[in-house]
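Quick note on labels: first sequence line is chain A, next is B, and so on, each numbered from 1. FYI, side chains are in, hydrogens and waters are out, and symmetry mates aren't considered; it's all heavy atoms of this structure. Since the structure is predicted, the reported quantities are computational estimates derived from the model, not experimental observations.
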Amino acid sequence: MTVFDDLRRRGIVQDFTAGTAELLSSGRPVRFYAGFDPTADSLHLGHLVPVMAMARLQKAGHIPFVVLGGATGMVGDPSGKNQERPLLDLEAIQHNLESQKQQLRRFLDFDGAAAAQMVNNADWFSGMGYLEFLRNVGKHLNVAYMISKDLVKRRLETGLSYAEFSYQLIQAYDFLYLRQHYEVQLQLGGSDQWGNITAGIELIRRILGTEAYGFTVPLLTKADGTKFGKSEGGNVWLDSRRTSPYKFYQYLINIADEDVKKLLLIFSPQSPDEIEDLLNRHLQAPHQRLAQHHLADHLTRLVHGEEALQKAQFSSAILFGKASPDQLKSLTPEELEEVFETVPQGRATLQQFLEASTLTDLLALFPQFFPSKSEIRRLMESGGMYVNRCPINSNAPLDSEWLLHGRYLLVQKGKKQFFLLQFL
RNA sequence: GGGGAGAUACCAAAGCGGUCAAAUGGGCUUGACUGUAAAUCAAGUGGCACUUGCCUUCACAGGUUCGAAUCCUGUUCUCCCCA
């Protein structure tokens, strides 16, 4: 099976231009690229879909080019947005580029025969004047063509600035430039990039008289209608400072059964047949969450490394396993720190602990976790408040016996939200 | 420039002088059920106290009234129609 067939079978390909399959199975390494917008200093889970596509292509011998959008980031892609994006300042863009670059190194191989390369489109745009751009690029695409793009059409009604309208030209020029200077023949991107990709192909055809190719990866949505990679708190980031490995792991463990197959196909190194087999086993014992564990293990390891994965697993086992209050007490301080490393933590003084007469008063010292006393009361009344894994349903007076190792208190809001309070 | 409609809690949307901390739906939180699921059901969802209580909220600033989200005036913003 060719790599492109494999990608299609895995549901990684949404649309593709004619000839793409042939190009990728010709036996020669194909240089291909995908662009990344420096809108944040970290990539998130959603970005990983095109990245996985790139990694798989590279494994098959093709050569990835990562185009960092130093120039395009300054304009803002209208794709998929209903509103004009705020412009980022230069410094922020630079910072974001650097961070994303580091992250991408985890997924693509920058050495070896098919070594990936990284380029920044600011390199070829910063020296170009506006008039030059109009002559070289603007001249070759006509407005009717540009306006006919779905995304542009949609935005024409709600408002689209000239800068964003021009975006497709800029991205089209990227492709042209890469075709001319690096012999890049194929572009891939999210499904919202289709219009930009075809604009590039069109430009190459007109100026160079040669063919170029492209395909898009799907925008993943979950069964509940939300985007894959988004949680309540926002994006699930790859940066451990934004989304802890534990949270990252938990997000994946909690993926619904309906979605897990789709995600395994995209992210797992296993073959579609093996995945099918795994899912069958999963369905025989759904409570074991075989499929989810497989997905979470693989991605956490890939993104955060083996050590972080083990910590996340250990924490999860303690927090969601049948860890009794006694087991909790048997943990050493080191183990405690370890387990709760990725759980939100609060600190106060022992003095404050002793002065607080009731649990409610104590918890109110941590407004970031417990914004109001009413909420604390409600939680206790509904049975959703736990201290050291014991349900607390009345505003019991405090007991210093509760402190683990004389300083820690594990508080839970419901079954899934944990807070470690430390009193020094 | 002229005419009209409107701004209510996270969102949508009722309320049109007291019984309004404000209907209803969504969202969110918790509980039950379960597989750390889905679906379903229940409770809660401004703050403080907690038996009826108090305080801050219905764009903003004033005013009328014993009493206003509800009436009046001004300000800001949004939408629609005609030029």
A.B. asks: Under the criterion side-chain contact (heavy atoms from CB on, under 4.5 Å), I'd like the reasoning laid out for H294(A) against Q270(A): C-alpha separation, chi angles, the key distance, then a yes or no.
C.D. replies: CA-CA 10 Å; H294(A) 186 87; Q270(A) 294 194 307; 3.3 Å; yes
A.B. asks: Under 4.0 Å from OP1 or OP2 of G46(B): is there any side-chain N or O of S374(A) that close?
C.D. replies: no
A.B. asks: If you compare every side-chain N and O of S372(A) against the phosphate oxygens of G47(B) (OP1, OP2), does one of them come in below 4.0 Å?
C.D. replies: yes
A.B. asks: Report the base-pairing partner of A23(B) (Watson-Crick or G-U wobble, both distances below 3.5 angstrom), or none.
C.D. replies: none
A.B. asks: Is K413(A) close enough to U30(B) that one of its side-chain N or O atoms is under 4.0 Å from OP1 or OP2 there?
C.D. replies: no
A.B. asks: Could you check, using the six-membered ring where one of them is a Trp, whether Y33(A) and F175(A) have ring centers closer than 6.0 angstrom?
C.D. replies: yes
A.B. asks: Using the closest heavy atom to pick a nucleotide of RNA chain B for each, name whichever of P371(A) or Q250(A) lands nearer the 5' end.
C.D. replies: Q250(A)
A.B. asks: Quick one, give me the B/S/- string for nucleotides 51-58 of chain B, reading 5' to 3', where B means a protein heavy atom under 4.0 Å from the base and S means that only happens at the primed atoms, P, OP1 or OP2.
C.D. replies: --------
A.B. asks: Does U70(B) have a Watson-Crick or wobble partner in any strand here, with both distances under 3.5 angstrom, and which is it?
C.D. replies: none
A.B. asks: Return yes if a side-chain donor-acceptor contact under 3.5 Å exists between E341(A) and Y246(A), otherwise no.
C.D. replies: no
A.B. asks: Working to the nearest 0.5 angstrom, can you tell me the gap between L45(A) CG and L220(A) CG?
C.D. replies: 9.5 Å
A.B. asks: Please confirm whether the shortest side-chain N or O distance from Q292(A) to OP1 or OP2 of G35(B) is below 4.0 Å.
C.D. replies: no
A.B. asks: When rounded to the nearest 0.5 angstrom, what distance separates CD in E355(A) from CG in L365(A)?
C.D. replies: 9.5 Å
A.B. asks: Do the side-chain N or O atoms of K416(A) get closer than 4.0 angstrom to the phosphate oxygens (OP1, OP2) of A37(B)?
C.D. replies: yes
A.B. asks: Mind checking L379(A) for me? I need base, sugar-phosphate or nothing, with any heavy atom below 4.0 Å counting as a touch.
C.D. replies: sugar-phosphate
A.B. asks: Does K415(A) have a side-chain nitrogen or oxygen under 4.0 Å from the phosphate oxygens OP1 or OP2 of A37(B)?
C.D. replies: no
A.B. asks: Would you mind pulling out the nucleotide paired to A5(B), Watson-Crick or G-U wobble, both distances under 3.5 Å?
C.D. replies: U78(B)
A.B. asks: Among all residues two or more places apart in sequence or in another chain, which pass the side-chain hydrogen bond (donor to acceptor under 3.5 Å, both in side chains) test with E274(A)?
C.D. replies: S271(A)
